A.B. asks: 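Structure below; questions to follow.
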Amino acid sequence: MKAVTYHGIGDFRVTEHPKPELVGRGDALVRITLGAICGSDLHIYHGHTPIDEGALIGHEMVGVVEEIGPEVRDVKRGDRVVAPFFTACGGCYQCLRGWYSQCEERAVFGHGAFFGGLGGAQAEYCVVPRADLNLAHIPDGVDDEQAIFVGDVLTTGYFAAERGQIRPGDTVAVIGAGPVGLMAVMCANLYGPARVFAVDMVDSRLELAGELGAHPLDARLINSVSEIQSHTGGCGADVALECVGQISAIETAINCVRGGGTVSSVGVPSAINGDFPYFDAWNRDLTFRAGWTNVHPYMRPLLDLIAAGRLRPERVISHRMRLDEASAAYRMFDQREATKIVLRP
Ligand SMILES: [Zn+2]
Ligand SMILES: [Zn+2]
């Protein structure tokens, strides 16, 4: 089979591999019908993630189940499925409390041996361990280009919004309008805010944020903190959803909320070396939440929201390419010439 593999910093190639085989009795083999490139793949691309040469890349996938192990019950051959970007065991202390993202045996697709040695999603096939737990059925009426977002990006945006505890009438500031930020805009709107601001520096993203119902703020041209304050009696947003992961974005998020406000951060941290403003957080009664999303419990409700037409995550897809074109796709994505690229094997 063909798969995107890591060969060094800035060097991802499509190479030939043996078709993967089931290992555990609960595994399923998925024939991938759509994969996607994610911002966190760029962390690997730039050498910020510990990874071995030849590791398979990609953690966002939908596909059709081709084979199942003898202990798989709910998932059947021929089922259309979407996988979360990481797998959990289902039986450890954290899993039993519903915190699959904190599972002791958590492993991430497409991240090499250091993250559990799973296969990659930018490939023709992938083995999914404990398929009954780690795959969700795609309902009729939801297509691949919608369902793929439930495995990571949409769920991350939803996790940000939910943990922001947005109330009807609130002012929300979304910091970063990349794919996750755009999902956060859509999900924030499920909670009935009076207005949602989206802060970014890329024209195409700001434009899309506007189409999705946000007030776009171009951080190259205006001071977003004072702009948000000017719409909120000088006080600031009730909730900020931070979807970048850089210290400057986290600072913007903290600075743009009012006293008593909430910052919910989901951006994957890159080169974070600033000091957390403990005094400011205490003095201003801030609530700060951060984390990578606990995907599993959200997949079903988000698929239902898509099926009902209340979420349209596919709006962020800017490029549809073939798996063979992955090297070029990564160059484009890295240059910010694409908002979201999906790859068809
Ligand atoms: Zn991702
Ligand atoms: Zn577990």
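One-based numbering, in listed order, for ligands and for the atoms of each. Bear in mind the structure is a predicted one, so any value in this text is a computation, not a measurement.
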A.B. asks: Mind checking the OG1-NE2 spacing from Thr87 to His296? Nearest 0.5 Å is all I need.
C.D. replies: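 Spacing of OG1 (Thr87) from NE2 (His296) equals 7.0 Å.
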A.B. asks: Write the atom name of the N, O or S atom in Asp152 that is nearest the Zn ion (ligand 1).
C.D. replies: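 Result for Asp152 and the Zn ion (ligand 1): OD2.
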A.B. asks: Between Glu60 and the Zn ion (ligand 1), is there a contact where an N/O/S atom of the residue lies under 2.8 Å from the metal?
C.D. replies: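 Checking the Zn ion (ligand 1) against Glu60, an N, O or S atom does fall under 2.8 Å.
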A.B. asks: To the nearest 0.5 Å, what is the distance between CD on Gln94 and CD on Glu104?
C.D. replies: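 So the CD of Gln94 and the CD of Glu104 are separated by 7.5 Å.
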A.B. asks: What does the angle at the Zn ion (ligand 2) come to, between atom SG of Cys92 and atom SG of Cys89, rounded to 10°?
C.D. replies: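 Angle SG(Cys92)-the Zn ion (ligand 2)-SG(Cys89): 110°, rounded to 10°.
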A.B. asks: Just to confirm my numbers, could you give the angle made at the Zn ion (ligand 2) by SG of Cys103 and SG of Cys95, rounded to 10°?
C.D. replies: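 An angle of 100° at the metal.
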A.B. asks: To the nearest 10 degrees, how large is the angle at the Zn ion (ligand 1) between Cys38 SG and His59 NE2?
C.D. replies: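 With the Zn ion (ligand 1) as the vertex, the angle is close to 110°.
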A.B. asks: So if you build clusters from Ile, Leu, Val, Met, Phe, Trp, Tyr with side-chain heavy-atom gaps below 4.5 Å, do Ile44 and Phe114 land together?
C.D. replies: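 Result: no, two separate clusters.
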A.B. asks: Would you call Arg258 and Asp170 a salt bridge, using N to O less than 4.0 angstrom?
C.D. replies: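 Judged by the 4.0 Å cut-off on N to carboxylate O distance, Arg258 and Asp170 do not form a salt bridge.
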A.B. asks: Decide whether a cation-pi geometry holds between Arg195 and Phe197; the criteria are a distance under 6.0 Å from NZ or CZ to the six-membered ring centre and an angle within 45° of the ring axis.
C.D. replies: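 Output no; distance or angle outside limits.
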